[in-house]
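If you're wondering where the values come from, they're calculated on a predicted model, not measured in any experiment.
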Amino acid sequence: MNQLNRSLDCAKQLNKYLLNLDVIKEYQKYEQLIHQDDKIEKLEAKMKAYQKKIVNQKSKQDETVVKTIEEYQKIKFENHPLVVNYLYLKEEVDSLLQSINTYINGQLLK
């Protein structure tokens, strides 16, 4: 049990360290801004509906899927400044976490 407690303490310290990194703070700021923007929230919901429709049409080999994909491409919000910054920061954070995960797993398997 003592070993488990020490491991949890280390995990908490790593979490605290990560949450204090500028890239994580900036990512969380943009994530919050996006979730507060009603237009982006509605557009995201619409995009998810299109994505589900596309998956369903593909699984049924529905030929209208091409038209649905074209409609989906028209509504994508990748050029919105908040979204551009958010996606960039998300990639940075994902890369950081992936590197940590790879390092830990690599050290455990030695």
Side-chain angles (χ1 to χ4, degrees):
M1 191 62 128
N2 194 19
Q3 194 172 17
L4 176 62
N5 288 337
R6 282 185 288 176
S7 297
L8 290 174
D9 286 342
C10 288
K12 288 176 185 177
Q13 289 174 0
L14 177 59
N15 186 56
K16 184 177 179 180
Y17 168 78
L18 290 171
L19 289 174
N20 283 310
L21 292 176
D22 288 339
V23 69
I24 302 284
K25 288 179 182 179
E26 195 73 6
Y27 166 76
Q28 289 176 326
K29 179 182 97 174
Y30 276 95
E31 183 177 43
Q32 186 176 13
L33 288 170
I34 284 174
H35 291 298
Q36 292 173 345
D37 190 311
D38 289 337
K39 286 182 181 178
I40 292 177
E41 286 285 307
K42 288 176 184 173
L43 192 53
E44 183 179 26
K46 191 174 181 179
M47 287 176 61
K48 286 180 181 180
Y50 267 103
Q51 290 167 348
K52 285 180 183 178
K53 185 175 180 181
I54 290 168
V55 169
N56 287 334
Q57 286 178 329
K58 282 185 176 182
S59 70
K60 295 176 184 174
Q61 297 181 346
D62 186 339
E63 293 177 14
T64 61
V65 71
V66 174
K67 183 179 180 207
T68 305
I69 292 171
E70 289 171 358
E71 291 171 3
Y72 170 75
Q73 293 294 332
K74 290 177 187 175
I75 66 162
K76 286 175 70 173
F77 53 44
E78 290 176 346
N79 291 328
H80 191 289
L82 281 178
V83 175
V84 169
N85 289 333
Y86 169 76
L87 291 175
Y88 171 77
L89 290 165
K90 184 178 187 325
E91 281 184 31
E92 291 289 313
V93 169
D94 286 346
S95 178
L96 173 66
L97 296 176
Q98 228 11 56
S99 296
I100 292 168
N101 185 34
T102 300
Y103 176 78
I104 291 171
N105 285 331
Q107 294 302 308
L108 290 175
L109 298 175
K110 283 187 174 183

**Student:** Counting C-beta onward and ignoring hydrogens, is there a side-chain heavy-atom pair between Leu96 and Glu92 closer than 4.5 Å?
**Tutor:** no

**Student:** Consider only side-chain heavy atoms of I, L, V, M, F, W and Y, link residues closer than 4.5 Å, and tell whether Leu97 and Leu21 are in one cluster.
**Tutor:** yes

**Student:** Determine the minimum heavy-atom distance between Leu89 and Tyr30, stating which atoms define it.
**Tutor:** CD1-CD1, 3.5 Å

**Student:** Atom CD of residue position Gln61 - does it have more than 12 heavy atoms of other residues, nucleotides or ligands inside 6.0 Å?
**Tutor:** no

**Student:** Testing the 3.5 Å rule here: is there a donor-acceptor pair between the side chains of Asn105 and Asn101?
**Tutor:** yes

**Student:** In Å and rounded to the nearest 0.5 Å, what is the CD1 to CG distance from Ile40 to Leu82?
**Tutor:** 5.0 Å

**Student:** Counting N and O atoms only, with roles assigned by atom type, does the side chain of Thr102 sit under 3.5 Å from a partner on the main chain of Gln98, one being a donor and the other an acceptor?
**Tutor:** yes

**Student:** Could you state the interatomic distance from OG1 (Thr64) to CD1 (Ile69), rounded to the nearest 0.5 Å?
**Tutor:** 10.0 Å

**Student:** Kindly compute the distance separating CD (Glu63) from CD (Gln57), expressed to the nearest 0.5 Å.
**Tutor:** 11.0 Å

**Student:** In terms of the angle between their ring planes, are Tyr50 and Tyr72 parallel, tilted or perpendicular, with boundaries placed at 30° and 60°?
**Tutor:** tilted

**Student:** Taking all atoms of both residues into account, what is the closest heavy-atom pair of Leu19 and Gln28, and its distance?
**Tutor:** CD2-NE2, 3.5 Å

**Student:** Enter the distance from Lys60:NZ to Asn56:CG here, rounded to the nearest 0.5 Å.
**Tutor:** 5.5 Å

**Student:** Roughly how far, to the nearest 0.5 Å, is CD1 of Ile54 from CE of Met47?
**Tutor:** 9.5 Å

**Student:** Does the distance from a Lys or Arg side-chain N to an Asp or Glu carboxylate O, for Lys42 and Asp38, drop under 4.0 Å?
**Tutor:** no

**Student:** Are Lys29 and Glu26 within salt-bridge range, i.e. N to O under 4.0 Å?
**Tutor:** yes

**Student:** Once you round to the nearest 0.5 Å, how far does SG of Cys10 lie from CG of Asn5?
**Tutor:** 11.0 Å

**Student:** Would a distance-only check, ignoring hydrogens and angles, find a side-chain to backbone donor-acceptor pair under 3.5 Å from Asn15 to Ala11?
**Tutor:** no

**Student:** Should the heavy atoms of other residues, nucleotides or ligands under 6.0 Å from CD of Glu91 be counted, would the total exceed 12?
**Tutor:** no

**Student:** List the atom of Ile100, the atom of Leu18, and the distance in Å for their closest heavy-atom pair.
**Tutor:** CD1-CD2, 3.7 Å

